[in-house]
Amino acid sequence: MAGAPEGVDPNVPNVARMYDYFLDGKDNFAADRAAAEQILQKFPHTKEGARANRDFLRRAVRHLVDSGVRQIVDLGAGLPTQGNTHEIAPEARVVYVDYDSVVCVHGRALLARKENVDFLQADVREPDALLGKLGGLVDFDQPVAFLMLALLHFVSDDDAYDLVAKLRAASAPGSYLVISHAVDPTPDETPQALEIYKKSTAALNLRTREQIERFFEGYELAEPGLTFPARWRPDQEMMLGDHITFGYVGVARKL
């Protein structure tokens with residue numbers, strides 16, 4: 001990555017750029033790569049997990065479109081990469097949301113000439129402000145899908161559950177919630193991983209399966225329910241990352 005934009009400290013690991021590194025992207029700094037490599041030493045399958053998460057995104061978004069959804073809000077969208085939401089669902093209105101200025105600069109540059117696509121800078125920890133900004137871009141009287149992939153485990157409990165509750169209340173029946181969320185894979189190693197993320201732009205908040213299920217209150221989970229990324233409606237019997245079990249995913253429709 002070239003020099004950092006004004007106001008961005010390249011010496012502080014950034015979770016979006018670390019994720020970009022896990023996906024073999026080029027939009028990251030030395031500090032991001034160093035922190036990501038520390039995570040890989042503790043959890044060697046993290047890159048596979050990131051790819052499995054992207055594959056789940058593709059299948060989930062196609063399910064949304066096949067279900068008739070034509071508005072998608074991708075929260076915590078991260079740095080643009082291959083297989084972005086608007087590319088998977090060109091027939092839908094897509095709004096990307098991220099609070100990181102570098103992410104937004106890259107996103108807007110990528111989408112400069114795209115119709116029906118916007119990139120919004122907003123903080124999900126401030127849901128009222130977020131909804132206010134989305135009000136001019138999304139019709140909340142019609143179903144809308146909220147994507148939260150690898151996002152909520154970077155948000156504290158109070159903020160995370162409040163965010164989901166307010167999005168649910170604001171959305172019409174038939175709207176969707178899509179979540180992927182990390183769990184505690186190896187308790188002996190986890191404290192060290194948490195310390196790495198504490199030195200980055202967002203601390204990690206791991207939750208149990210039961211705590212992740214709470215996010216879907218008021219929604220009906222689509223089959224096969226809450227499961228591992230590669231096992232959510234796989235394109236083939238055995239997929240890359242099928243053995244990755246340190247996170248759960250779910251797609252659910254508002255009742």
Side-chain angles (χ1 to χ4, degrees), residues 1-8 14-28 32 50-51 53-124 126-127 129-151 154 163 167 170-172 174-180 201 235 249 251:
M1 193 180 205
E6 185 178 352
V8 174
N14 176 284
V15 295
R17 296 194 300 264
M18 289 170 65
Y19 192 70
D20 175 72
Y21 180 77
F22 293 141
L23 290 170
D24 296 323
K26 306 300 180 185
D27 293 314
N28 45 72
D32 308 312
R51 295 188 192 107
N53 195 56
R54 292 298 295 185
D55 287 342
F56 163 69
L57 166 69
R58 173 179 53 79
R59 300 194 306 278
V61 169
R62 287 313 310 168
H63 171 73
L64 297 174
V65 172
D66 291 345
S67 300
V69 175
R70 292 298 179 267
Q71 301 183 111
I72 301 175
V73 178
D74 192 339
L75 296 164
L79 287 160
T81 184
Q82 293 184 344
N84 296 293
T85 300
H86 72 279
E87 296 169 326
I88 304 166
E91 57 271 82
R93 172 88 168 116
V94 175
V95 180
Y96 294 101
V97 179
D98 207 288
Y99 81 103
D100 185 280
S101 57
V102 175
V103 168
C104 292
V105 167
H106 278 262
R108 287 167 181 154
L110 174 73
L111 305 173
R113 290 184 291 275
K114 300 291 184 183
E115 293 184 5
N116 218 29
V117 183
D118 280 290
F119 214 110
L120 176 66
Q121 185 166 3
D123 193 333
V124 298
E126 301 173 356
L130 168 65
L131 286 166
K133 293 178 180 180
L134 285 173
L137 301 172
V138 172
D139 181 1
F140 283 107
D141 290 328
Q142 299 297 320
V144 56
F146 291 105
L147 308 185
M148 299 185 190
L149 275 74
L151 169 67
F154 290 115
L163 166 66
L167 294 180
S171 59
S175 294
Y176 279 80
L177 178 66
V178 181
I179 290 175
S180 70
T201 54
D235 295 328
V249 304
V251 176

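Keep in mind that what you see is a predicted model, and the values were worked out from it rather than measured.
Taking the side chain as every heavy atom from C-beta outward, R54 and N84 approach each other to under 4.5 Å. Inter-residue side-chain proximity for R93 and V144 is flagged as unmet; no heavy-atom pair is nearer than 4.5 Å. Contact of the V73 side chain with the L167 side chain is not registered, since no non-hydrogen atoms from C-beta on lie closer than 4.5 Å. Annotation: side chain of V94 is not in contact with side chain of K114 (no heavy-atom distance under 4.5 Å).
In terms of heavy-atom proximity, G78 sits nearest to F119 at O-CZ, 4.1 Å. When every heavy atom of R59 is checked against every heavy atom of D235, the shortest pair comes out as CD-OD1, 3.5 Å. In plain terms, the two heavy atoms of L75 and M148 that are nearest each other are CD1-CE, 3.7 Å. E91 and R62 make their closest contact through OE1-NH1, 3.6 Å (heavy atoms, listed as atom of the first residue, atom of the second, distance). The two atoms that bring S175 and Q142 nearest to each other are OG-O, 4.3 Å, heavy atoms only. Among all heavy-atom pairs drawn from A172 and D141, the shortest one is CB-O, 3.7 Å.
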L64/L147 under side-chain contact (heavy atoms from CB on, under 4.5 Å): CA gap, chis, key distance, verdict
CA-CA 10 Å; L64 297 174; L147 308 185; 3.8 Å; yes
Trace of the side-chain contact (heavy atoms from CB on, under 4.5 Å) decision for Y96 with V103
CA-CA 10 Å; Y96 294 101; V103 168; over 6 Å; no
Run the side-chain contact (heavy atoms from CB on, under 4.5 Å) check on Y99 and V124 step by step: do they pass?
CA-CA 8 Å; Y99 81 103; V124 298; over 6 Å; no
Evaluate side-chain contact (heavy atoms from CB on, under 4.5 Å) for R70 paired with V65, printing each intermediate quantity in order.
CA-CA 7 Å; R70 292 298 179 267; V65 172; 3.6 Å; yes
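One finds the CZ atom of R108 at 9.0 Å from the CG atom of D118 (value rounded to the nearest 0.5 Å). Taking CG from L120 and CG from D74, the interatomic distance works out to 12.0 Å, rounded to the nearest 0.5 Å. The line from OG1 of T85 to CD1 of I72 is 6.5 Å long, rounded to the nearest 0.5 Å. Separating the CG atom in D98 from the SG atom in C104 is a distance of 5.5 Å, to the nearest 0.5 Å. From F146, atom CZ reaches atom CG of L151 across 12.5 Å, with rounding to the nearest 0.5 Å. Between atom CZ of residue F56 and atom NE2 of residue H63 there is a gap of 9.5 Å, rounded to the nearest 0.5 Å.
With hydrogens and angles ignored, the 3.5 Å screen pairs no side-chain donor or acceptor of S180 with any backbone N or O of V249.
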